[in-house]
Amino acid sequence: QVHAAESGGGLVQAGDSLKLSCVVSGDGFWTYAMGWFRQAPGKVREFVATVDPGGTITRYAHSVEGRFTASRDNVKNTAYLQMNSLEPEDTAVYYCARGRSQRISTNEAGYDYWGQGTQVTVSS
């Protein structure tokens, strides 16, 4: 059974940095894309970032490009989201998800196993 678990969220001030981690149980982590999504209060969940199995291909939402970096360590079965220059608008619950295949996707339908989320709050 596959299980994903995020960690690293917290309360920070605008301009600070946070690094989220997502540990995925189960075999074959290195063969699947990983994605990050977020849901702000009163809003639908939205795509943030994705990284291919090799960690060499990434894609980002326009709102975070240049500030966030998605990466992974296939030995540790862990995906990361480095978030720099955080803004109050980045406040949300952040979710990681394992892709259905090696293909990166900006769509939730491209992912099958989801973590329970970690809260990120950015104060102004």
Side-chain angles (χ1 to χ4, degrees):
Q1 186 173 358
V2 178
H3 180 69
E6 307 93 340
S7 63
L11 171 63
V12 297
Q13 293 186 330
D16 286 351
S17 298
L18 274 178
K19 187 173 185 177
L20 306 183
S21 299
C22 173
V23 178
V24 181
S25 65
D27 295 331
F29 174 80
W30 58 276
T31 65
Y32 296 97
M34 289 295 299
W36 291 92
F37 292 76
R38 67 186 181 185
Q39 186 168 20
K43 296 187 177 181
V44 298
R45 189 158 58 184
E46 64 176 3
F47 166 76
V48 175
T50 182
V51 57
D52 79 320
T56 57
I57 301 173
T58 54
R59 189 168 295 172
Y60 301 93
H62 290 308
S63 60
V64 307
E65 196 152 19
R67 300 187 298 123
F68 290 13
T69 302
S71 63
R72 61 194 294 160
D73 184 334
N74 288 338
V75 173
K76 296 181 178 180
N77 276 27
T78 303
Y80 302 99
L81 185 67
Q82 176 68 47
M83 305 185 295
N84 298 330
S85 301
L86 283 161
E87 304 168 352
E89 294 73 22
D90 296 316
T91 294
V93 177
Y94 283 72
Y95 299 90
C96 69
R98 196 196 75 171
R100 295 183 182 276
S101 71
Q102 76 280 6
R103 297 182 63 182
I104 60 172
S105 174
T106 63
N107 193 311
E108 290 190 25
Y111 301 87
D112 51 7
Y113 292 98
W114 294 75
Q116 292 190 331
T118 185
Q119 177 71 47
V120 172
T121 303
V122 185
S123 64
S124 58

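Between A70 and T50, the closest heavy-atom pair is CB-O, 4.3 Å. When all heavy atoms are compared, the tightest approach of S17 to S85 is OG-N, 4.2 Å. Between F37 and T106, the shortest heavy-atom contact is CE2-O, 3.9 Å. Nearest heavy atoms, D90 versus Y94: O-OH, 2.7 Å. Looking at every heavy atom in both residues, N107 comes nearest to S105 through N-OG, 3.0 Å. Here the closest heavy-atom approach between residue S124 and residue A14 is recorded as CA-CB, 4.4 Å.
Within 6.0 Å of CZ on R59 lie no more than 12 heavy atoms contributed by other residues, nucleotides or ligands. In this structure, Q116 places its CD atom where only 12 or fewer heavy-atom neighbours from other residues, nucleotides or ligands lie under 6.0 Å away. Counting non-hydrogen atoms of other residues, nucleotides and ligands closer than 6.0 Å to CZ of R100 gives a total above 12.
No donor-acceptor pair under 3.5 Å is formed between the side chain of R45 and the backbone N or O of Y95. A donor-acceptor pair is defined here as one N or O able to donate and one able to accept, closer than 3.5 Å; such a pair exists between the side chain of E6 and the backbone of C96. T78 places a side-chain N or O within 3.5 Å of a backbone atom of K76 that can act as its donor or acceptor partner.
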* Should Q13 and L86 be marked as a side-chain contact (heavy atoms from CB on, under 4.5 Å) after you check the CA-CA gap, both sets of side-chain angles, and the distance that decides it? -> CA-CA 8 Å; Q13 293 186 330; L86 283 161; over 6 Å; no
* **Criterion ring pair (Phe, Tyr, Trp, His ring centres under 6.0 Å) on F68 and W36, from CA distance to verdict** => CA-CA 11 Å; F68 290 13; W36 291 92; 9.8 Å; no
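Atoms SG and CZ, from C22 and R98 in turn, are 11.0 Å apart once rounded to the nearest 0.5 Å. Rounding to the nearest 0.5 Å places CG of N77 at 11.5 Å from CH2 of W30. To the nearest 0.5 angstrom, Y113 atom OH is 8.0 Å from Y32 atom OH. A distance of 11.0 Å separates CZ of R38 from CZ of F47, quoted to the nearest 0.5 Å. Within the model, atoms CD of E46 and CD of Q39 stand 9.5 Å from one another, a figure rounded to the nearest 0.5 Å. Taken to the nearest 0.5 Å, the OG atom of S101 stands 11.0 Å off from the CG atom of D52.
Under the side-chain contact (heavy atoms from CB on, under 4.5 Å) rule, P53 has a single partner from R103, Q102, M34, which is Q102.
L18 and L81 fall within a single hydrophobic cluster, where Ile, Leu, Val, Met, Phe, Trp and Tyr are joined by side-chain heavy atoms under 4.5 Å apart, directly or via other members. Under the 4.5 Å side-chain heavy-atom criterion for grouping Ile, Leu, Val, Met, Phe, Trp and Tyr, V2 is connected to V51 within one hydrophobic cluster. Note on V48 and Y60: same hydrophobic cluster, where clusters join Ile, Leu, Val, Met, Phe, Trp and Tyr whose side-chain heavy atoms are under 4.5 Å apart, directly or indirectly. Cluster membership for Y80 and V12, using ILVMFWY side-chain heavy atoms within less than 4.5 angstrom, is not shared.
Contact check for L20 versus V120: side-chain heavy atoms found under the 4.5 Å cut-off. Looking only at side-chain heavy atoms (C-beta outward), V122 and D16 stay at 4.5 Å or farther from each other.
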